[in-house]
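Have a look at the structure below before the remarks.
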Amino acid sequence: MFLYLLSWITAVFHISLVVFAITSSLYYLAELIEEYTAITKRITKYCILLSVITLVLLWIFEDLPNLMIIFALLSNFVYLLQLASFPFFQFSSPVFLATVVSVILNHYFAFNHFATTYYPFSEIMAYFTVCVWLVPFIFFISLSANDSVLPTTMSNSEYSPLYGRGIVFKSIYLLYHLHNDAYTQSHINTYCQCISRLSSELR
C-alpha cells in the first residue's frame, strides 16, 4: 500500500519536472527569438518550405486525402503572409485571424483522417510535427517578441498600427524610468545645494 502511494507521489514529481523543463525551454526559445528576430524569420521561412515539400511528397507517394493536403498547402500560404510582418502580430488583422483559423482547420482535417484510417503512431506524429505543428509553434513562441523589438527594425509604414500596440507599454516603461531619473536627479541637485551651502558657511 505504501509503495503504491509512493509511486503516485513520484509520478507527480516526474510530471512536475517535465512541465518545468518544457516551460523553461519555451522561455529560453522566446528569449532567443526576441534577440535574433531576423534569423528566426529566415528559419521560419525554411520551415514553411520544408512543410510544403513534405506535403507534395506525401501527395505523390502516399494515399492521403487530397482535401487535407490542399488545405495544408493553403495553410502554409497563409503562414507565409503572416511571416511578412514577423515579428509583429496584429491580433485583429485578417491575416492573423486567417492564420488561427488555418491552424484549427488543419488540425480538424488531420484528426478526421487519422481517426478513421489506421497508421502507426510514429507516422502520425511525423505528419503532425512537420505539416501541422512546426510553423504554428514558431509563431506561438514568437508572440512575446511583438512588444520587444526596437522600432528601428520596422521597414514598412504598414507595421505602424501594429507597433502602436507595443509602443503603449514601451511608453509607460520609459515614462516610469524617466520619472525615476527625474526623482533621482532632484535629490542629487538638493544634495549638491546642501554641500555648496555648507562649504560656503565653513568659509
Side-chain angles (χ1 to χ4, degrees), residues 22-23 25-149 153-163 165-166:
I22 292 175
T23 53
S25 301
L26 289 177
Y27 178 78
Y28 181 70
L29 288 175
E31 290 290 327
L32 287 179
I33 289 173
E34 292 177 7
E35 188 71 20
Y36 305 102
T37 54
I39 298 176
T40 304
K41 183 175 182 178
R42 193 177 304 116
I43 292 174
T44 307
K45 185 182 297 184
Y46 292 150
C47 289
I48 294 175
L49 181 61
L50 173 64
S51 180
V52 170
I53 294 175
T54 303
L55 288 168
V56 172
L57 292 177
L58 288 173
W59 180 68
I60 296 173
F61 297 106
E62 297 292 336
D63 188 20
L64 295 177
N66 292 330
L67 182 61
M68 184 177 72
I69 297 296
I70 292 173
F71 188 83
L73 290 172
L74 291 176
S75 298
N76 282 279
F77 176 73
V78 175
Y79 301 155
L80 197 60
L81 294 178
Q82 180 63 60
L83 189 64
S85 61
F86 186 89
F88 301 101
F89 296 91
Q90 189 176 8
F91 301 124
S92 60
S93 66
V95 175
F96 183 83
L97 296 177
T99 301
V100 175
V101 173
S102 298
V103 172
I104 295 173
L105 292 180
N106 209 6
H107 278 82
Y108 169 76
F109 285 116
F111 279 122
N112 188 44
H113 172 68
F114 290 109
T116 56
T117 306
Y118 173 76
Y119 286 89
F121 180 74
S122 59
E123 296 181 6
I124 296 175
M125 289 301 297
Y127 178 83
F128 272 90
T129 301
V130 179
C131 303
V132 180
W133 292 336
L134 183 60
V135 179
F137 176 75
I138 297 175
F139 283 153
F140 174 74
I141 60 178
S142 302
L143 291 176
S144 61
N146 189 31
D147 296 322
S148 302
V149 181
T153 59
M154 290 193 300
S155 60
N156 197 321
S157 60
E158 66 180 355
Y159 301 153
S160 57
L162 176 61
Y163 176 71
R165 178 184 176 274

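Numbering starts at 1 and runs along the sequence shown.
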Handout entry: L67 side, atom CG; F109 side, atom CZ - distance, nearest 0.5 Å
Key = 4.5 Å
Completion exercise
Between the CD1 atom in I141 and the CG atom in L29, the distance rounded to the nearest 0.5 Å is 4.5 Å
Problem - CD1-NZ distance between I33 and K41, expressed to the nearest 0.5 angstrom - result: 14.0 Å
Problem - Evaluation steps, side chain to side chain contact (heavy atoms under 4.5 Å, CB included), between I48 and Y46 - result: CA-CA 5 Å; I48 294 175; Y46 292 150; over 6 Å; no
Exercise for the section: Determine yes or no for a side-chain-to-main-chain donor-acceptor pair under 3.5 angstrom, with T44 supplying the side chain and T40 the backbone. Expected result: yes
Exercise for the section: Give a yes or no on this: more than 12 heavy atoms of other residues, nucleotides or ligands lie within 6.0 Å of atom OH of Y119. Expected result: yes
Handout entry: Aromatic ring pairing F91/F96, orientation class (parallel under 30°, perpendicular over 60°, tilted between)
Key = perpendicular
Handout entry: Side-chain (T116) to main-chain (H113) donor-acceptor, under 3.5 angstrom
Key = yes
Exercise for the section: Check step by step if side chain to side chain contact (heavy atoms under 4.5 Å, CB included) holds for L26 and F137. Expected result: CA-CA 10 Å; L26 289 177; F137 176 75; 3.5 Å; yes
Exercise for the section: Look up atom CD1 in I124 and atom OH in Y118, then write down how far apart they are to the nearest 0.5 Å. Expected result: 8.0 Å
Practice task
Show your working on ring-ring contact (aromatic ring centres under 6.0 Å, His included) between F114 and Y127 and close with a plain yes or no.
Solution key: CA-CA 10 Å; F114 290 109; Y127 178 83; 5.4 Å; yes
Would you be so kind as to tabulate the donor-acceptor pairs closer than 3.5 Å made by side chains of residues 69-81, with sequence neighbours excluded?
| from | atom 1 | to | atom 2 | distance (Å) |
| --- | --- | --- | --- | --- |
| S75 | OG | F71 | O | 2.9 |
| N76 | OD1 | S51 | OG | 3.3 |
| N76 | ND2 | S51 | OG | 3.3 |
| N76 | ND2 | A72 | O | 2.7 |

Handout entry: Exercise: identify the closest heavy-atom pair between P136 and V103
Key = CG-CG2, 3.7 Å
Completion exercise
All heavy atoms of Q82 vs all of F89, minimum pair found to be NE2-CD2, 3.3 Å
Donor-acceptor contacts, no H, no angles, side chain residues 53-64, under 3.5 Å, sequence neighbours left out:
| from | atom 1 | to | atom 2 | distance (Å) |
| --- | --- | --- | --- | --- |
| T54 | OG1 | L50 | O | 2.7 |
| W59 | NE1 | N66 | OD1 | 3.0 |

Practice task
Scan for side chain to side chain donor-acceptor pair (under 3.5 Å) pairs involving residues 92-108, sequence neighbours excluded, and state none if there are none.
Solution key: H107-W133
